[in-house]
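Following: one structure in structure tokens, then a few remarks.
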Amino acid sequence: MNKKDFIREIIDEHMRTGTFDGRVHTRFPPEPNGPLHIGHAKAICIDFGIAEEYGGKCNLRFDDSNPVAEKQEYIDAIKEDIRWLGFDWEDREYYASDYFEQLYDWALVLIKKGKAYVDDQSPDEIRTHRGTLTTPGTESPFHNRSVEENLDLFKRMRTGEFPEGSRVLRAKIDMSHPNMNMRDPVMYRILYKTHHRQGDKWCIYPTYDWVHGQSDSIERITHSLCSLEFEDHRPLYDWYLNELGVYHPQQIEFARLNLSYVITSTRKLKELVEGGHVSSWDDPRLPTLAGLRRRGFTPEAIRRFIRDVGVAKTDSVIDIAKLEHYMREDLNKSCPRVMGVLRPLRVVITNYPDDTHEELDAINNPEEPEAGMRKIPFSKVIYIEQDDFREEPPKKFFRLAPGREIRLRYAYFIKCVDVKKDDKGNIRELHCTYDPATRGGNAPDNRKVKATLHWVSAHHALVAEVRLYDRLFAKPDPNDVAEGEDFTSNLDPDSLETLPQCYLEPGLAQAHIGDRYQFERLGYFCVDPESSGERLVFNQIVSLRDRWKKIESKTKQGQA
RNA sequence: UGGGGCGUCGUCUAGUGGCAGGACACAGGAUUUUGGAUCCUGGUGCGGAGGUUCGACUCCUCCCGCCCCAGCCA
């Protein structure tokens, strides 16, 4: 997996032959029209990562040519996300809108060369004249305006003499070109909109296609890395750059990142937020970088995941399980272990003294001996997980059951001697006896138990809210919907489960926002920003692999 | 039906004329004071058909399938 991908091979070849004078200079060019998501993370890792590897540079450039969609708040969020991922653009923060004047001058150059013209057609007329995929387009009635008239009209477009949408500037290429992008593409449209950075300086705005290639050229980018759908646009960028006779970067296209059970479309993400299907842009169920960050994902794991997934041109959908694997791998090594009971079942140790407690030794991280030990309190009344007790244990269920003995982690062997129920037959609490000789978790007579359970001392427990997350969508392909439905019909209504009354070991009182822990036998959890001294709130990052769950579902299937 | 791109285990991804490899997932086992972690074991998967060749995932031809393009979005 450390083999070079096709892009790095191309760059190697450039380095070998001295193309671009041995320079590698990339750029990450987001439009500030929404927050970044995991798909962008791939582009970021490629753009910044490659520059870093070859001792080159990577610019951050905002492609802000559409004032209708773009906002300063997105610029701020995007910068935060890139930094969080671990990349640095130093002082190279650029804006395509800063090139508007240059772009305008270049448009004048094309007009003077007879390679661009002002078109008075309506959007509808332009579309009709463009033809279809299989039939050529036809020339606009304004196709053959004189250079003088075009110059005059275009300048007046800029000064605001014409209403919005009344005219455009188009490149004069070939209306019958098999590549639709070459059928006299629009370069400027009239838009009386305030630009988030340029204010009201402009009322004509360049289209992306007219902006992008030249912006890369201005910044002396060597390798313009972008996604597959721009492959068709490359001939147009080449045409512009050649007509202008300016520096020419090389564009290389790669496949974007897709994940099963995940949607990565800024438009649809917006729909989820605005439609109230999720709480906000940083809802921990969202694949936005802000959401992943709040969920507790680490940038290291995301980077490793993206590196190992590779770069190619094949359309692909990566199994979400792979991302989860990289998360667990990273967290397993770094997270301190603690005990927390999510769905508490009260247990009274009947033969344990009433008014006392003791401090037991627990290992902070078995993967990291230097992390040391801590003390945890034990007393007569504790909580265990409801799932860890079955009145009638099925086959292969090793945990607690009437008459059965198990180990409480770092504490004692206990045996269930009685089950207390309420009027309706619900289990209220368990009565158990403990064996004082098993303190710490080992029996002197060497007898074995088949399960070790986590627990929390009732008297010492901290109360916390824990939010459990499942996949936002019920189907691997959220866009797989019946006629007349849209992707929101695949939303899983149970993707968020809030447990308001969980019990945690007391040491967690020190936890700060963003801190990550492994709750033993359950999963990895991260302190949510909404957490406070009065009310601890944890997000589940990812569960631990759960072998029992698999056995259970398999035997259930067998019975069905 | 125009143009551009892509087809290798279930999912990603190496392989560039000489035994098809890795990761995830899955299945089995060992071990374990987390049913975690760790360690073993398990795969006939090259879209199809021809051709070239001693030898083809790789080269050639034809076919099939999937993705993108008809915004004054990016």
Side-chain angles (χ1 to χ4, degrees), chain A residues 1-5 29-31 33 63-66 68-70 119 121-123 126-128 130-137 164-170 176-183 185-191 204-205 207-209 211-212 227-235 253 255 260 266-267 305 308-326 328-329 332-333 337 339 362-363 366-367 396-399 407-411 413 440-442 449-454 476 518-523 543-552:
Chain A
M1 199 88 320
N2 290 319
K3 296 276 165 34
K4 292 217 168 169
D5 55 72
E31 185 195 14
N33 70 335
D63 271 347
D64 53 353
S65 55
N66 181 10
V68 180
E70 296 151 8
D119 194 342
Q121 293 183 107
S122 69
I126 288 181
R127 175 155 30 81
T128 314
R130 190 151 25 223
T132 71
L133 295 177
T134 50
T135 62
E164 189 163 304
S166 61
R167 282 173 229 260
V168 292
L169 182 74
R170 302 177 73 178
S176 61
H177 199 109
N179 181 343
M180 301 292 288
N181 294 120
M182 301 297 268
R183 319 243 262 228
V186 171
M187 296 165 63
Y188 278 93
R189 66 285 213 190
I190 300 172
L191 234 38
I204 55 171
Y205 288 95
T207 57
Y208 174 83
D209 279 344
V211 170
H212 191 77
S227 46
L228 251 28
E229 67 268 29
F230 294 106
E231 213 151 13
D232 281 348
H233 297 239
R234 179 153 35 90
E253 308 86 6
S260 59
T266 300
R267 203 206 87 219
F305 162 74
D308 284 1
V309 136
V311 185
K313 297 190 73 156
T314 321
D315 279 311
S316 60
V317 181
I318 292 151
D319 192 338
I320 186 69
K322 191 150 189 155
L323 212 211
E324 291 169 352
H325 162 80
Y326 282 83
R328 291 191 182 105
E329 186 182 55
N332 174 50
K333 289 186 195 116
R337 318 282 131 132
M339 291 201 283
I363 296 165
E367 302 292 320
K396 289 184 181 166
F397 182 88
F398 301 150
R399 283 110 93 144
R407 170 168 42 233
L408 292 176
R409 176 140 237 225
Y410 301 127
F413 285 10
N442 283 308
V449 287
K450 294 188 90 170
T452 301
L453 309 187
H454 61 276
Q518 184 196 102
F519 291 3
E520 292 215 30
R521 303 209 306 132
L522 297 172
S543 70
L544 246 29
R545 285 181 60 199
D546 190 343
R547 201 155 161 63
W548 164 242
K549 203 184 197 173
K550 253 178 212 171
I551 294 168
E552 195 182 26

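All chains are named by letter (A, B, ...) in the order of the sequence lines, taking the proteins before the strands, and each is independently numbered beginning at 1. Just so it is clear, the structure is predicted and the values come from calculations on it, not from any experiment.
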Taking only N/O atoms, report every protein-nucleotides 29-32 of chain B pair under 3.5 Å with atom names and distance.
none

Would you tabulate the nitrogen or oxygen pairs shorter than 3.5 Å linking the protein to nucleotides 5-10 of chain B?
none

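B:rG36: glycosidic angle beyond 90° from 0, hence anti.
Rounded to an integer number of Å, the gap from A:R545 CZ to B:rC39 C1' is 13 Å. Distance A:I126 CD1 to B:rG71 P: 10 Å, rounded to the nearest Å. Between A:L544 atom CG and B:rU34 atom P there is a gap of 11 Å when expressed in whole angstrom units. Per the geometry, CE belonging to A:M187 stands 15 Å off P belonging to B:rC73, to the nearest Å. Summarising the geometry, the separation between CD on A:E164 and P on B:rC72 is reported as 14 Å, rounded to the nearest angstrom. In this entry the distance linking CE of A:M180 with C1' of B:rC73 reads 16 Å, nearest Å.
On a pure distance criterion of 3.5 Å, a polar donor-acceptor pair joins the side chain of A:D232 and the base of B:rG3. At a cut-off of 3.5 angstrom, the base of B:rA23 holds at least one donor-acceptor pair with the side chain of A:K322. Counting atom types as modelled, A:E367 pairs a side-chain N or O with a base atom of B:rG36 as donor and acceptor under 3.5 Å. The base of B:rG35 lies outside donor-acceptor range of the side chain of A:R521, with no N or O pair under 3.5 Å.
For A:E229, whose side chain is taken as the heavy atoms from C-beta onward, the closest listed nucleotide among B:rC68, B:rC73, B:rC72 is B:rC68. Here the side chain of A:H233 is nearest to one of B:rG3, B:rG36, B:rA74, namely B:rA74. Comparing B:rA70, B:rG36, B:rC72 against the side chain of A:R337 picks out B:rG36 as the nearest.
Base pairing in RNA chain B yields stems of at least 3 consecutive Watson-Crick or G-U pairs, both distances under 3.5 Å, namely B:2-7 with B:64-69, B:10-13 with B:21-24, B:26-30 with B:38-42, B:47-51 with B:59-63.
B:rU32 and B:rC39: their C1' atoms are spaced 12 Å apart (whole Å). Nucleotides B:rG35 and B:rC69, compared at atom P, are 50 Å apart to the nearest Å. For the P atom pair drawn from B:rG43 and B:rG50, the interatomic distance equals 29 Å after rounding to whole Å. Separating the C1' atom of B:rC46 from that of B:rG15 is a span of 10 Å, rounded to the nearest Å. The separation of B:rA20 from B:rG45, taken at their P atoms, amounts to 12 Å, rounded to a whole angstrom. Spacing of P atoms, B:rG2 relative to B:rC63, comes out at 12 Å, to the nearest Å. A gap of 13 Å separates the C1' atoms of B:rU52 and B:rU58, to the nearest Å. Across the P atoms, B:rA27 and B:rC6 are found 36 Å apart, a figure rounded to whole Å.
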Checking A:R521 against A:L453 for the side chain to side chain contact (heavy atoms under 4.5 Å, CB included) test, could you report, in this order, the C-alpha distance in whole Å, the side-chain angles of both residues, the deciding distance, and whether it holds? CA-CA 8 Å; A:R521 303 209 306 132; A:L453 309 187; 3.5 Å; yes

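Mapping A:P366 and A:I190 onto RNA chain B by nearest heavy atom places A:P366 at the nucleotide closer to the 5' end. For A:G165 and A:L408, each mapped to the nucleotide of RNA chain B holding its nearest heavy atom, the one lying further toward the 5' end belongs to A:L408.
Aromatic ring pairs are classed by plane angle as parallel below 30°, tilted from 30° to 60° and perpendicular above 60°; the pair A:W548 and A:F397 is perpendicular.
At a cut-off of 3.5 Å, with distance as the only test, no side-chain donor of A:T452 or A:R409 sits close to an acceptor on the other residue.
For A:R183 and B:rA70, the shortest distance from a side-chain N or O to OP1 or OP2 is not below 4.0 Å.
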